[in-house]
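First up is the structure itself, then whatever we jot down about it.
Model, not experiment: these values are computed from the prediction. Both ligands and their constituent atoms are indexed starting at 1 by order of listing. Note that these values count all heavy atoms, side chains included, but never hydrogens, waters or copies made by symmetry.
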Amino acid sequence: MSNIQDKVVVITGASSGIGEATAKELASKGAKLVLAARREDRLKKLQDEIQTIGGQAIYKVTDVSSRQQMEELAAYALKEFGKIDVLVNNAGIMPQAFLAENKVDEWDKMIDVNIKGVLYAIAAIVPSMRERKSGHVINLSSVAGHNIYPGGTVYCGTKFAVKAISEGLRQEEAMNGTNIRVTNVSPGAISSELLETTTDPTMKAGLEDFYQVAIPAERIAKTIAFAIEQPEDVAINELIVRPTNQVG
Ligand SMILES: NC(=O)c1ccc[n+]([C@@H]2O[C@H](COP(=O)([O-])OP(=O)(O)OC[C@H]3O[C@@H](n4cnc5c(N)ncnc54)[C@H](OP(=O)(O)O)[C@@H]3O)[C@@H](O)[C@H]2O)c1
């Protein structure tokens, strides 16, 4: 039996891109999905698709930047399935622009979704994993969590933060012997709706050029499945996954 079968997996940002592809991949391997994002029509459609192939999925409309909504998501998952085995902290936005553009509202949003959203999910879900002495937290950082480039400063800052949170969580859980595995996934250019969150025209044109080598979101879904299906005493901690022909 695969180490994914019957696991309860909460995925934030499940309504498109990497989150959606991961939900389908894990459902096909027998996981029970809890889908979260803001767009209900997309979540409902994904739930229907998963159920059509014989998979199990429930969903809850959730804004990850709301601590209360994240707590409600955790409570719903625990009520419906009795446990949470895996948290995929995937929701994210990337409104890139040069600092001189002073898009302070976009900085706030990136910090709220990409950093606070990850922390709120950890706060809401990891305590139940500690109690059961079992669990897996998978955080979506980025190549932008390893490299800094002009125009990406705040986005890179949020993704460096995700990498730091992953490693800090890993060390603290290992120190306390909670058996909680932590995986930091850093994708390169992946085809998704993420570019739509960049409003600055110059930056967007540059990104579209950079994304010509992009690979499908299903590639990251398989990477996430690979991390989960390892034996419980193995934690894949860090994965950088680029298109073969991506340079930076
Ligand atoms: N695509 C890439 O090249 C790439 C590379 C490296 C890292 N990543 C990371 O991978 C993750 C997934 O991105 P993606 O490429 O799959 O982009 P995407 O297609 O735009 O998906 C982003 C997801 O996040 C959700 N989301 C955004 N704000 C939210 C909020 N406040 N509350 C709840 N959900 C929210 C969106 O759903 P709703 O709008 O319905 O809420 C959507 O489901 C992100 O963390 C991104 O930074 C992507």
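- Among residue pairs with one or both ends in residues 114-141, those qualifying as salt bridge (Lys or Arg N to Asp or Glu O under 4.0 Å) are Asp85-Arg132, Asp112-Lys116, Arg130-Glu173; sequence neighbours excluded.
- Comment: Arg42 engages Glu193 in a salt bridge, judged by a side-chain N to carboxylate O separation of less than 4.0 angstrom.
- Checked against salt bridge (charged side-chain N to carboxylate O under 4.0 Å, His left out), Glu49 has the following partners two or more places apart in sequence or in another chain: Lys24, Lys45.
- Evaluation of the salt bridge (Lys or Arg N to Asp or Glu O under 4.0 Å) test over residues 137-160, restricted to residues two or more places apart or in two chains, returns none.
- Gln68 CD: 12 or fewer foreign heavy atoms inside a 6.0 Å radius.
- Around NZ of Lys204, the count of heavy atoms belonging to other residues, nucleotides or ligands within 6.0 Å exceeds 12.
- Listed as neighbours of ligand 1 are Gly13, Ala14, Ser15, Ser16, Gly17, Ile18, Ala37, Arg38, Arg39, Thr62, Asp63, Val64, Asn90, Ala91, Gly92, Ile93, Val113, Ser141, Ser142, Tyr155, Lys159, Pro187, Gly188, Ala189, Ile190, Ser192, Glu193, Leu194, Tyr211, each bearing a heavy atom under 4.0 Å from the ligand.
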